[in-house]
Amino acid sequence: MKGDDTRFLTGTDEHSINIAQSALDEGRSARAFVDEKVGYFKVAEDALAISPDRFIRTTDPDHVRAAQEMVRRAHANGDIYLGTYEGWYCPNEGFRNATDVQETARGTICPNHPEVPLQWLTEKNWFFRLSAYQERLERHYEEHPDFVQPDYRRNEMLGFIRGGLEDFSISRERTPGGWGIPFPIASNGSSSRREDGTWDPEAGVIYVWYDALINYITGAGFPDDMGAFAHWWPADLHVIGKDIARFHTIFWPAMLWSAGLEAPRRVWVHGWLLAAGGERMSKSRGNFLDPNDFVTAFGADGARYLVLREVPFGRDAEVSWESFVRRYNADLANDFGNLLNRTVSMTNRYLEGERPAPTAEGQRDDAGVPPVSDLASTWSRVLERYRERLEGCALDDALAELWGVVGAANKVVDAEQPWVLAKAVKDGDEIAAARLRAVLGELLEACRLVGLAVAPFMPGVAPRVLAQLGYAFDYGADGNGGPPILEELRWGAHGGEPGRVSAPEPLFPRLDLEVATEPGGTTPT
RNA sequence: GGCGGAGUAGCUCAGUGGUAGAGCAGGGGACUCAUAAGCCCUUGGUCGGUGGUUCAAAUCCGCCCUCCGCUACCA
């Protein structure tokens, strides 16, 4: 919306052994299994009005090419070598981490398949020379203090690096059903591609997360369209969950450097939404919030607002249905929704719907009345802080800044009491008439600015706000098109344009806490 | 165990030496444009415990208690 070229990528990581095994357990192909799951993700994205430029799947053919090219580059650079990997091996799931297995009277077992004895297996694998990048990683962290955010995550990762980096394996000889991207290099160092174009299964597959990380550059055009890639890479921002921080902040930059590519500019690590008591949400615990139910109750815009406002973006947060309903009613229905509604209603009632221009700072309107409120100066301060918070990924603070203006505007209504001014106007008081127009002009402008500024959070609500105010909204559902938003976000940017407000229409119907419980029937917490 | 963070009003949190704060929730009031919303006022806290430093400590130091994060191949 600022007018910058953007490319927004989401997608799915599909080559895990767990996926291959679950598909086998259900008696169907891994491909059919992931196709179904991807459908669920896309439905949820649509429901939440998340509009990536591309939804990338690691099973996409261009991603297969990208992953194989990255392996070739690492190999050409001398960063991968053949070694042996050993550990507990579950015939159903492949290698299990020592922390995932249990010692029992009958031997070592994996909790998912207690009937099947584990084997201590040795496998020939390719290893990536992560150890060669320790110094460069430390230097990178020092020279780019914002590379990993929030700061405490950066410190954790830096501590991990300083503790010494080991090489890690990036291939697997065997996976259930051979699931994975074919490893493009044979053990003798030549290509594993055969004359008929298929890949030699003896070469194994690329280990799942080595392949998964590469999705970011596939999405930027690597290696099929290096022109596009040069335009989009390095990415300005990776947003990831805390559980995969190490992969994105340590392994991934090293992989890129090995291939002669740049690291992303910034990686933001977000926390989790936790259920009551700080428990992790899971279906088996029955404390899972289905995003589709969420949208049903609050609307796509409401759901987006709540999740981003209620939670400090860098930390875990305990959330509950009740906390969301409270926040929805307080912020959206009562504060902002009602502000717009009362402002539009008064404009209709007292000015026959005609929209007066907002009085600018230091100016007098045509009737000689100076600004009646300090909303204009408040706005310019808030906008600056709003931008700072957004750029720092402090999304909850960013929204709080905007709501400071909402609060100020509600106070202005009570301080000026337009209904009293309107009575005086009826009695022929011309000064009151000018003041009434000034008050409503300032309130309408505050509504326009907040409604537009909040568009990245509530892309569906923003056009409805502007429509009620009689303004056009020229941006698409994905935020593209339209004028540079910072121009539009100036106080009085459309001050000279005559216009009419439309009939007031509540944006966020107030919810009854007792009624608005989870559709799944789970007891609200 | 090691490293790091947190413990402040019912809830979520701000506050790094000088008379305890915000939002929400609760209570009261005046008003009426509005989604019984908004506005004003207000109840509520020995700032985890303890011992120090200081004229003065939520804030600095020591010890203790509780919780959380990181501590490499599930991803």
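Order of the sequence lines fixes the chain letters, A, B, ..., with proteins taken first and strands second; residue numbering starts at 1 for each chain. Since the model is a prediction, treat every value here as computed from it, not as a measurement.
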message: Taking B:U19 as the reference, what is the distance to B:G10 when you measure between their P atoms (whole Å, please)?
response: 24 Å
- request: Just compare B:C33, B:A75, B:U71 and give me whichever is closest to any side-chain atom of A:A212.
  value: B:A75
- request: Please work out if A:S345 contacts a base, only the sugar-phosphate, or nothing of the nucleic acid, heavy-atom cut-off 4.0 Å.
  value: sugar-phosphate
query: Any side-chain N or O of A:Y207 less than 4.0 Å from the OP1 or OP2 oxygen of B:A75?
result: yes
query: Are A:M346 and A:W419 close enough that some pair of their side-chain heavy atoms sits under 4.5 Å apart?
result: yes
query: Is A:R154 positioned over the aromatic face of A:F147, cation under 6.0 angstrom from the ring centre and no more than 45 degrees off axis?
result: no
field: Nucleotide B:G38, atom C1' - distance to CD of A:E416 in whole Å
entry: 15 Å
field: B:U46 to B:G27 separation - C1' atoms, rounded to the nearest Å
entry: 25 Å
Out of B:C33, B:U35, B:A75, whichever nucleotide has its closest atom nearest the side chain of A:R510: B:U35
- request: Consider the side chain of A:N338, meaning its heavy atoms from C-beta on, and name the nucleotide among B:C33, B:G69, B:U35 that approaches it most closely.
  value: B:U35
query: Toward the 5' end of RNA chain B, which comes first, A:P506 or A:D331, by nearest nucleotide?
result: A:D331
- request: Would you indicate what A:L165 reaches in the nucleic acid, counting non-hydrogen atoms under 4.0 angstrom: base, sugar-phosphate, or nothing?
  value: base
- prompt: Which value, in whole Å, describes the distance between the P atoms of nucleotides B:A22 and B:G44?
  reply: 14 Å
Distance-only polar pair, side chains of A:S373 and A:E442, donor-acceptor under 3.5 Å: yes
field: Side-chain N,O (A:R349) to OP1/OP2 (B:A34) below 4.0 Å
entry: yes
message: If I pick the C1' atom on B:C47 and the same atom on B:U8, what distance separates them, to the nearest angstrom?
response: 4 Å
query: Does CZ in A:F55 sit with more than 12 non-hydrogen atoms of other residues, nucleotides or ligands closer than 6.0 Å?
result: yes
- prompt: Centre of A:F33's six-membered ring, under 6.0 Å away, within 45 degrees of the axis: is that where NZ or CZ of A:K37 sits?
  reply: yes
message: By the 4.0 Å heavy-atom rule, please label A:G159 as base, sugar-phosphate, or nothing.
response: nothing
query: For B:C24, what is the paired nucleotide under Watson-Crick or G-U wobble rules, both distances under 3.5 Å?
result: B:G10
task: Please work out if A:L340 contacts a base, only the sugar-phosphate, or nothing of the nucleic acid, heavy-atom cut-off 4.0 Å.
output: nothing
query: Does A:Y141 have A:R136 sitting over its ring (NZ/CZ under 6.0 Å from centre, angle to axis within 45°)?
result: no
query: Looking at B:A75, B:A34, B:C40, which one has an atom nearest to any side-chain atom of A:K411?
result: B:C40
message: Students often get this wrong, so: under 4.0 angstrom with heavy atoms, is A:D335 touching a base, only sugar-phosphate, or nothing?
response: sugar-phosphate
message: For B:G69, give the paired nucleotide (Watson-Crick: N1-N3 plus N6-O4 or O6-N4; G-U: N1-O2 and O6-N3; both under 3.5 Å), or none.
response: B:C3
- request: Looking only at side-chain atoms of A:F508, point me to the closest of B:A75, B:U35, B:C39.
  value: B:U35
statement: Side-chain atoms of A:D13 come closest, of B:A72, B:A75, B:C33, to B:A75
task: Provide, to the nearest angstrom, the distance between the CG atom belonging to A:L436 and the C1' atom belonging to B:C33.
output: 11 Å
task: Could you work out which one of B:C31, B:G38, B:C70 sits closest to the side chain of A:Q417?
output: B:C31
- request: Would you please classify the geometry between the A:H248 ring and the A:H238 ring as parallel, tilted or perpendicular, with 30° and 60° separating the classes?
  value: perpendicular
- prompt: Heavy atoms, side chains only, cut-off 4.5 Å: are A:F251 and A:R246 in contact?
  reply: yes
message: Among B:A75, B:C24, B:G38, which nucleotide has an atom closest to any side-chain atom of A:R326?
response: B:C24
- request: Pick base, sugar-phosphate or nothing for A:N410, based on heavy-atom distances below 4.0 Å to the nucleic acid.
  value: sugar-phosphate
- prompt: Using a cut-off of 4.0 Å on non-hydrogen atoms, how would the nucleic acid contact of A:Y152 be classed: base, sugar-phosphate, or nothing?
  reply: nothing
- request: Could you state the atom-to-atom distance from CD1 of A:I244 to P of B:C70 in whole Å?
  value: 13 Å
task: Write down the distance separating the P atoms in B:C70 and B:C61, rounded off to the nearest Å.
output: 26 Å
statement: Applying the 3.5 Å cut-off to both distances, the Watson-Crick or G-U partner of B:A56 turns out to be none
Below 4.0 Å: OP1/OP2 of B:G38 and any side-chain N or O of A:N334: yes
- line: From NZ of A:K37 across to P of B:A75 the rounded distance in Å is 18 Å
task: Name the closest nucleotide to the A:E156 side chain, picking from B:C39, B:G69, B:C74.
output: B:G69
message: By the 4.0 Å heavy-atom rule, please label A:G164 as base, sugar-phosphate, or nothing.
response: base
- prompt: Taking the six-membered ring of A:Y85 as reference, does the NZ or CZ atom of A:R172 fall below 6.0 Å from its centre and within a 45° cone about the axis?
  reply: yes
- prompt: A:W272 has an atom CH2; how far is it from atom P of B:G69, in whole Å?
  reply: 8 Å
message: Under 4.0 Å, heavy atoms only, any strand: does A:R327 hit a base, just the sugar-phosphate, or nothing?
response: nothing
statement: Rounded to whole Å, the CD-P distance (A:E322 to B:U12) equals 12 Å
- prompt: Which part of the nucleic acid, if any, lies within contact of A:Y350, taking any heavy atom under 4.0 Å across all strands shown: a base, the sugar-phosphate backbone alone, or nothing?
  reply: sugar-phosphate
statement: As its Watson-Crick or G-U partner within any shown strand, both distances under 3.5 Å, B:U35 has none
- request: Take atom C1' in B:A56 and the same atom in B:G17, then report the distance between them in whole Å.
  value: 7 Å
Rounded distance (Å) that lies between atom P of B:A72 and atom CZ of A:R129: 22 Å
message: Measure CD/A:E14 against C1'/B:A75 and give the value in whole Å, please.
response: 14 Å
field: 5′-ward residue of the pair A:L507/A:V420 relative to RNA chain B
entry: A:V420
- prompt: Under 4.0 angstrom, heavy atoms only, what part of the nucleic acid is A:W209 near: base, sugar-phosphate, or nothing?
  reply: sugar-phosphate
- request: Compare side-chain N and O positions of A:R342 against OP1 and OP2 of B:G38 and report whether any pair is under 4.0 Å apart.
  value: no
